[in-house]
Every structure is written in C-alpha cells, then in structure tokens.
Visitor: 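Here you go, one structure.
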Amino acid sequence: MTQTAPKQRLNSVKQSKQTNAATSKIEPNENEGAVNGAETPVGKKKKPASPNADTLTASSNKRTKKRSTKSKSKSQPLIESGMEVVCEQTKFFDALFLVSCATPAKPTHPILANVLMIADVATQQIHLTVTDLALTIQASFEAQVLLKGEITVPVQILLEIVKHCPNGHISLNSQIQMTQLADDDQQSKVYSLGLSDADGKYEIRGMGAEEFPPAHTIDATPISLPTTGFKDGLKGVIYAVSTDENKYILTGVHLQLAQEKLKFIGTDGHRVATTEVSTQGIGRKSRKQVASPEVIQFTIPGRVLKELARNLDDAVECIHLLYDAQSHRLGFAWQDIMLKCQCLEGTYPDCEQLLAKFSFDQEVVIEKALLVKALERLAVLTDKKEKGIYLQFDGALQQLRLSIEREFGKGDQVIVAHLPPEMSLNIQFNLKYLVEAAKAIPSSAIKIHLQQSDHPAMLVPYGDRPNPKAQMSMRQFLLPLYNSNG
C-alpha cells in the first residue's frame, strides 16, 4: 500500500506533462488564426485548401475506370481455334509457288497480297487461291487435315518461310483472338497462322477469309485438249503479242476453237503469228454427230497464257478448257490446278484477211541453228534508235548474208542457204522480231517465203520436228523495215 501510492502520483504527473505539451502545440495555430481573422473551432485542425482537388479527384477516377475497363477487356479474350493440318514441305511449297504467280505487283487492297488457305476435312486437302482480280490461280494438295478452317496470310512471307523449312512435315494451325470492350458491342479480331517444323516455330498475322474476293464459277462443259499440241501452238504465237496497253486487244492471244482444230493468233501490228493444231475430235460429241461445228473464239490475256505455259508440266496428258460465253470468263484445269481469267473485250483484227492479199513465189531453206546463232551475234550491235538488219539473198552463191552497221561498229555473217539460182533480193527486218520468230519455230530448218523487198516474209517449219506425230501448221509473218534508198 505504501509503495503503490507514489507510483500512481508519478504516472499522473507524466500524464499532465504530456497534456500540457499537446496544448502548447495547438495554441500557436489558434493564435495565428486569430491574427488572420479566421475563427478555428477549439480542438479541430484546419486542413490546407487545394484549388485543384476536385479536378484531380475526377481525373483519377477516370483513369481508374479506364484501367479497370482495359484490365477487364484484357482479362476476357476469346480464342477460337481454326485449322489443324500436317503436310509435306515439298507439296506445300510447290502449290504456293504456283499460285503466287497471280500476286499483283502493286496490290490495290491488302487482301490481294494474301493467299486464301482452306483446310478441307472431307477431301483431306488444302486449297490455295491467289488473285489480282484479272487472273486467279487455285491449287490443291493432299494433307492430313485434323480440323477444318480458313484464313488469308501474305503469300510472299509464307512462301519464303516454307521455302527455307527443311524437308519433312510442317504443322499448321490457325486461330482467331476476339476481344470485346465492356462499353462497346463490336469485337476486335486478330487472325494468325502458326507454322512449326523440326527446327522452329513461326506465326504470321493474317486477315479473315470472308474479306477475300469471291471465286467466280465457270458454268461450262470441259473440253479436253492434248497438252503437247496446246503448248506447241501457244509457244508459236505468244512472243508476237503486244506489250503496249494502248493496244489493249493486241495484248492477248486470239483462240478459235472448232470440233477438230484449235487455232492461235498473235500480233502486235508489226508481225503476225498463227498456229493450228489438231484436237482429234475434242468435246463430248463425236465428229459424226456434228455436221457443222460452231467456232468458239475469244481473246486471252498474254500474261495468263505465259503463266500457263510456264506451269503446265509436259507430263500432263490433257488440259481441260472451260469457256463461259455469258460471263466471258475462261478456265484451264489440270490435275489439282485451276487457272481462271476474264477474256479481253473487243474485236480482234482479222489477220487472215489482211495477209490474204500477199503472195509469195520465192522460197529459201535455212538451217535454224545457223540462222539463230548469226542473229544473236549481230544483236550486240543493235541500239534503241536502229534495230534493223539487212538480209541479202544470193542465189548464185547459195548463201545468205546478214549485215548490220552502226556509228560505233558493223558486222557481217554469211550462212549457207538453199534458194533459187536466179534469186537476188535485199530486205531489211527488225532483228529482234526475226530472231524471236526463228526461235518459235519447232523444227530443225526454216523455210522463208518471199516476194520483194517491200512485202512481208512468211516463215514456216521445215525438216525434223520434236513431235512428228502432232498435226500442226505454223506461219510467222514479218513486215519489213522498208527503206526507199535500199
């Protein structure tokens, strides 16, 4: 009892000292408030005022809402799986390389730089399509399709990746990532194609297949054509088409299709090339059932036929032609490949009627290899201004002299020729046109029909041919570079 009382007194003294210290800290604020004329309630502190407090609070609330909205949208992505495919690298690359020929140099829309890929479970194939709206190429190849799907990706990027993949199997899978904001009804879609091989993995961003231009269906009965004859006839005229877009209709090859023959015509206004191949009763009807077959004719863009000649394998026996006269569209199909295009609009010139007024009474036979070699050697002396070459036919010497002369040099070549003994004729041609016509003729020798220096010359095959059984006729007409002083 006697020891507890002093301790209590000491505690009370400490509490009173703490209370006095706290009071001394508050009193200066009260006095300062009195000096400024502001009354401050006793026992309450005055908080410092901030003029932008409400603005900062509102902006912080907005940022908080945005962060919460973004976090909410990011936390709710929906991923939709697409195709799952396992395929061979070689088949994939070959098909991609083929369809990439239709890729435009300067696409007017990003989708035109893409390849449409469709994985078909039913047929266990992948279908590839590329188009520039004028030309469409489709190719299919076998694959192990686990899940169907479709997507478009940049064709050149995909082609380079597949090109450098090692031989073996490639796994493909596509997916769509859909994101929807909380305050928006629209969805943001991100398309991607995953590709993996034995060495690595790749991912390519793409676009939806629904944006790809729709494929045109050609409603026509397929007509079977022999591949060898078709390619030989095409090569005989494709060089002669015009590259001048102002001569729109002349940038294509004109085809005339009858029951027993197929005729190709090409011209640029300075030369004319025609070939005619036997189709041996093409079509579903036999020859006896058709008394007077109707001639179908149309003009195909030269670019389309160049791609066709380059990609059509000689091992293919037949190629199928489909022509829809109403839509004026044309298709070529072989194996798992389809090439479609729009035919050129306009009236093609009647070259046969134009050339019918010329007659030829002199013939010269020259070995093709000798003529081409001589022309190629002299071609180094040509320039942009003058492209002509002089041909001097000498019957007495049984030879042909080729000569060219420019300010910076000249050249002469003499080759053996078989011509009438009394023949003596000088004529000038465009060297480029002459060598192209000579190369297009599929024979060991060339027969040249001539009349005079201001008349065209006609070149036809002569001698041995690579396909002697093929029934084909070919004519190459060259207009001379007439010189009144020569």
Visitor: Is there a donor-acceptor pair under 3.5 Å between the side chain of Gln398 and the backbone N or O of Leu419?
Guide: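 Yes, because the side chain of Gln398 sits within donor-acceptor range (under 3.5 Å) of the backbone of Leu419.
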Visitor: Do Ser224 and His320 come within less than 4.5 Å of each other through their side chains, counting heavy atoms only?
Guide: yes
Visitor: Less than 4.5 Å apart, side chain to side chain, heavy atoms only: is that true for Phe298 and Leu344?
Guide: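 No. Closest side-chain heavy atoms not under 4.5 Å.
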Visitor: For Val316, is there any backbone N or O sitting under 3.5 Å from a side-chain donor or acceptor partner on Thr227?
Guide: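 Here the side-chain-to-backbone pair exists.
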Visitor: Salt bridge check, Glu307 against Arg310: does any charged N sit closer than 4.0 Å to a carboxylate O?
Guide: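 Judged by the 4.0 Å cut-off on N to carboxylate O distance, Arg310 and Glu307 do form a salt bridge.
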Visitor: Output the distance between atom CG (Leu262) and atom CD (Glu276), rounded to the nearest 0.5 Å.
Guide: 9.0 Å
Visitor: So which of Lys447, His418, Met423 actually passes side-chain contact (heavy atoms from CB on, under 4.5 Å) with Val364?
Guide: Met423
Visitor: Would one find more than 12 heavy atoms of other residues, nucleotides or ligands at under 6.0 Å from atom CZ of Arg406?
Guide: yes
Visitor: Any side-chain donor paired with an acceptor under 3.5 Å for Gln138 and His127?
Guide: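 No - no donor-acceptor pair under 3.5 Å links their side chains.
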Visitor: Side-chain contact, heavy-atom cut-off 4.5 Å: Val460 with His449?
Guide: yes
Visitor: With a sphere of 6.0 Å drawn around CG of Asp219, does it hold more than 12 non-hydrogen atoms of other residues, nucleotides or ligands?
Guide: no
Visitor: Do Leu481 and Phe429 come within less than 4.5 Å of each other through their side chains, counting heavy atoms only?
Guide: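 In short, these two side chains do not touch, never coming nearer than 4.5 Å.
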Visitor: Distance-only, no hydrogens or angles: does the Gln342 side chain make a donor-acceptor pair with backbone N or O of Ser327 under 3.5 Å?
Guide: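 Pair found, side chain donor or acceptor close to backbone of Ser327.
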Visitor: Can you name the closest pair of heavy atoms from Thr131 and Pro104 and give their distance?
Guide: O-CD, 4.0 Å
Visitor: Determine the interplanar angle of the Phe477 and Phe360 rings, folded into 0 to 90°, and report it as parallel if under 30°, tilted if 30 to 60°, perpendicular if over 60°.
Guide: tilted
Visitor: Is there a side-chain contact between Val153 and Tyr191 in this structure, where contact means two heavy atoms from C-beta onward sitting under 4.5 Å apart?
Guide: no
Visitor: Test your reading of the model: is there a side-chain donor-acceptor pair from Gln476 to the backbone of Leu434, 3.5 Å cut-off?
Guide: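 Side chain of Gln476 to backbone of Leu434: no pair is present.
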Visitor: Could you walk me through whether Tyr390 and Ile404 satisfy the side chain to side chain contact (heavy atoms under 4.5 Å, CB included) test, starting with their C-alpha distance in whole Å, then the side-chain angles of each, then the deciding distance to 0.1 Å, before giving a yes or no?
Guide: CA-CA 6 Å; Tyr390 284 95; Ile404 185 172; over 6 Å; no
Visitor: Looking only at side-chain N and O atoms, does Gln326 offer a donor or acceptor that is under 3.5 Å from a partner on Asp324?
Guide: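 Judged by distance alone, the side chains do not pair up.
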Visitor: Counting only heavy atoms not in Lys247 (residues, nucleotides, ligands), do more than 12 fall under 6.0 Å from its NZ?
Guide: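 It does: Lys247 NZ has more than 12 such atoms within range.
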Visitor: Take Asn430 and Arg271, measure what side chain to side chain contact (heavy atoms under 4.5 Å, CB included) needs, and give me the verdict at the end.
Guide: CA-CA 10 Å; Asn430 183 305; Arg271 48 187 172 172; over 6 Å; no
Visitor: For Tyr348 versus Thr267, what's the shortest heavy-atom pair and its separation?
Guide: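 It is OH-N, 3.2 Å.
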Visitor: Is it true that a side-chain atom of Ser81 and a backbone atom of Gln175 form a donor plus acceptor pair closer than 3.5 Å?
Guide: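 Checked: no pair found.
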Visitor: Looking at Leu116, is its backbone amide N or carbonyl O close enough to the side chain of Thr129 to form a donor-acceptor pair, meaning the two atoms are under 3.5 Å apart?
Guide: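 Checking the backbone N and O of Leu116 against the side chain of Thr129, no donor-acceptor pair under 3.5 Å is found.
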Visitor: Verify, without hydrogens or angle tests, whether Arg465 (side chain) and Met472 (backbone) share a donor-acceptor contact under 3.5 angstrom.
Guide: yes
Visitor: Under 4.5 Å between any side-chain heavy atoms of Ile265 and Val237, yes or no?
Guide: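 Side chain of Ile265 against side chain of Val237, heavy atoms only: no contact under 4.5 Å found.
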Visitor: Could you check whether Arg475 pairs with Glu352 (Lys NZ or Arg NE/NH1/NH2 to Asp/Glu carboxylate O, under 4.0 Å)?
Guide: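 Judged by the 4.0 Å cut-off on N to carboxylate O distance, Arg475 and Glu352 do form a salt bridge.
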Visitor: Check whether Lys368 reaches the backbone of Ile441 with its side chain - one donor and one acceptor, N or O, closer than 3.5 Å.
Guide: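 Here the side-chain-to-backbone pair exists.
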Visitor: Tell me if the centroids of the rings in Phe93 and Phe141 come within less than 6.0 Å of each other.
Guide: no
Visitor: Side chain of Asp132, backbone of Leu135: donor and acceptor closer than 3.5 Å?
Guide: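 At least one qualifying donor-acceptor pair exists.
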Visitor: Examine distances only and state if a side-chain atom of Gln124 and a backbone atom of Glu142 form a donor-acceptor pair shorter than 3.5 Å.
Guide: no
Visitor: For Glu210, I'd like to know if atom CD has over 12 heavy atoms of other residues, nucleotides or ligands within 6.0 Å.
Guide: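 Count over threshold, so yes.
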Visitor: Apply side chain to side chain contact (heavy atoms under 4.5 Å, CB included) to Ile366 and Tyr462, showing your working.
Guide: CA-CA 9 Å; Ile366 307 173; Tyr462 189 82; over 6 Å; no
Visitor: Is it true that, when you exclude Asp464 itself, more than 12 heavy atoms of the residues, nucleotides or ligands shown sit nearer than 6.0 Å to its CG?
Guide: no
Visitor: Measure the acute angle between the ring planes of Phe332 and Phe230, then classify it against the limits of 30° and 60° as parallel, tilted or perpendicular.
Guide: tilted
Visitor: Go through the steps for Val241 and Thr251 under the test side chain to side chain contact (heavy atoms under 4.5 Å, CB included), then give the verdict.
Guide: CA-CA 5 Å; Val241 299; Thr251 60; 5.9 Å; no
Visitor: Is any side-chain N of the basic residue among Asp394 and Arg401 closer than 4.0 Å to the acidic one's carboxylate O?
Guide: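 The answer is no: the pair does not qualify as a salt bridge.
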